[in-house]
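Here the structure is laid out as structure tokens; the discussion comes afterwards.
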2 protein chains.
Amino acid sequence: MTETRYGKGEYIFREGDPTEYFHIVKEGSVKCVKLSLDGKECTLKVLMPGDLFCCDAATFDGAYHPGTAQPMGDVSVLRMKKEAYFKMLRANPDAAMEVIRYLGNRLNEAQEKAKVFALDRADQRLASLLVNLAERSGVQESNGLRITVRLTRQDMANMVGITTETAIRIMARFKKDRLVTGTAARLVIRDLPKLKLLAST
Amino acid sequence: MTETRYGKGEYIFREGDPTEYFHIVKEGSVKCVKLSLDGKECTLKVLMPGDLFCCDAATFDGAYHPGTAQPMGDVSVLRMKKEAYFKMLRANPDAAMEVIRYLGNRLNEAQEKAKVFALDRADQRLASLLVNLAERSGVQESNGLRITVRLTRQDMANMVGITTETAIRIMARFKKDRLVTGTAARLVIRDLPKLKLLAST
DNA sequence: CACAAAACATGACTATTGTCATGTTTTATT
DNA sequence: AATAAAACATGACAATAGTCATGTTTTGTG
């Protein structure tokens with residue numbers, strides 16, 4: 001298990017690269033993205049410390065990465081040769097069962113997301129995203145939950161399949177309604193219950 | 001491993017049921033659906049013989065089913081108590097690795113679908129669906145590939161997150177353009193290459 | 001600090017898809 | 001074969017989100 005550091009603008013791996021290593025996030029956040037033919041970006045998931053890179057599940061089944069893993073700021077990643085990792089899993093039923101549980105969980109998550117994409121409006125999708133982020137990476141502050149991951153309106157748009165402009169407009173409305181404050185560097189959720197309500201209406 | 005048969009109108013399990021069993025499809029097709037609060041349906045996946053029910057991955061991680069499993073026509077399903085299955089996986093590294101591979105594959109599939117939902121128009125999503133179905137369940141016939149699963153326009157709509165009316169309109173256009181023919185009981189893909197092109201444009 | 005680049009913002013207009021209403025055709029069941 | 005139910009179809013209109021253009025503010029960097 002070796003540790004590698006990556007900075008802004010670098011890639012951990014890119015769509016189409018062979019799946020040589022198994023990865024785990026140690027520090028920082030990593031985003032998994034796919035690109036469409038005309039260059040539009042779709043962010044599948046933001047990985048945080050402890051997450052396996054199975055958002056890019058190709059490591060488990062597939063010779064090539066189906067998406068790109070991109071650091072968000074400075075990150076530190078642990079990695080291990082795929083073969084060694086598989087050998088370890090074979091020898092260690094507890095670890096294998098843990099991976100099965102983890103993958104099951106991630107699959108459920110992906111399908112819940114598919115449901116949101118299929119049925120919800122742009123504002124609801126954005127609200128769902130904010131709720132998720134708040135629960136995964138929010139720290140309590142005087143005026144609400146601050147999101148520790150730096151996310152621009154553009155990033156949010158890519159995560160829920162809308163355009164940057166709509167993300168901006170909806171965030172402006174959320175701000176007016178006192179549900180959130182701030183922008184990328186300092187985004188604060190002020191009314192989590194109302195956002196939850198909106199997400200599930 | 002016991003075999004159970006289900007017919008139209010029955011449920012194999014429903015959203016919220018405890019996850020007692022691990023399931024595999026033996027014969028027929030099963031659809032995994034989630035419902036929104038206002039009753040709209042979202043079909044996550046159509047399972048075919050050999051598929052594990054990990055579209056409903058709760059069996060692997062979670063005490064309750066996050067979706068409903070519904071037979072499409074007559075089906076036969078194999079099942080095993082969850083505990084026994086987990087015990088078997090622990091004792092059998094090959095089986096465990098196989099499940100890991102399968103889950104990884106399904107996760108990739110789910111994320112590819114998320115990308116399609118995020119970036120593509122209704123007609124492209126429908127085209128993607130038809131391509132997938134053709135490749136998974138199509139049988140060659142004189143005039144094209146026949147889809148062996150019975151799918152109404154409504155079913156298709158639920159699978160790609162559009163309304164029944166738009167599904168009907170788009171299918172009418174596809175028919176006019178000689179990409180497909182027929183309806184639910186006898187749906188034939190006449191021009192797979194063109195559908196593929198449309199799906200990825 | 002100055003300056004460039006990125007992020008945020010807003011308006012006008014368009015495209016896409018949903019909604020609702022109504023009617024026809026197909027399929028299944030007695 | 002008759003009949004009910006489901007599926008398919010279509011029009012008119014509304015709502016939602018995308019596109020493009022342009023301008024302001026914030027952030028990062030030499």
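Naming convention: chains lettered A, B, ... in sequence-line order (proteins, then strands); numbering from 1 in each chain.
Remark: P of D/dT26 and CD1 of A/I168 are 14 Å apart, rounded to the nearest angstrom. In this structure, CE of A/M171 is placed 16 Å from P of D/dA17, rounded to the nearest angstrom. Between the NZ atom of B/K8 and the P atom of C/dT27 there is a distance of 13 Å, given to the nearest Å. The distance from atom CZ of A/R125 to atom C1' of D/dA17 is 10 Å, rounded to the nearest whole Å. Straight-line distance from the NZ atom of B/K176 to the C1' atom of D/dC8: 18 Å, rounded to whole Å. We find that CZ of A/R173 is positioned 11 Å from C1' of D/dA17, with the value rounded to whole Å. At whole-Å resolution of the value, CE in A/M156 and P in D/dA17 are 17 Å apart. One interatomic measurement links the two molecules: CD of B/Q124 to C1' of C/dA15, which rounds to 13 Å at whole-angstrom precision.
Residue-environment remark: CZ (A/R136) exceeds the threshold of 12 foreign heavy atoms within 6.0 Å.
Comparing D/dT19, C/dC8, D/dA7 by their nearest atom to the side chain of A/T183 picks out C/dC8. Minimum atom distance to the side chain of B/E165 is reached by C/dC20, of the listed C/dT27, C/dC20, C/dC8. Among the nucleotides D/dT16, D/dT19, D/dC8, the one closest to the side chain of A/T163 is D/dT19.
Residues A/G161 and B/R153 each lie close to DNA chain D; by heavy-atom proximity, the contact nearer the 5' end of the strand is made by B/R153.
A/R150 comes within contact range of the sugar-phosphate backbone alone, with a heavy-atom separation under 4.0 Å but no base atom that close.
Ion pairing between a basic and an acidic side chain is recognised when a charged N comes within 4.0 Å of a carboxylate O; A/K115 and A/D120 show no such pairing. Here A/R186 pairs with A/E141 in a salt bridge; the nearest charged N to carboxylate O distance falls below 4.0 Å. By the 4.0 Å N-to-carboxylate-O rule, B/E165 lies too far from B/R153 to be salt-bridged with it.
If you check distances only, the side chain of A/R169 does reach the base of D/dT19 with a donor-acceptor pair under 3.5 Å.
Between B/Y85 and B/F22, the ring center distance clears the sub-6.0 Å criterion.
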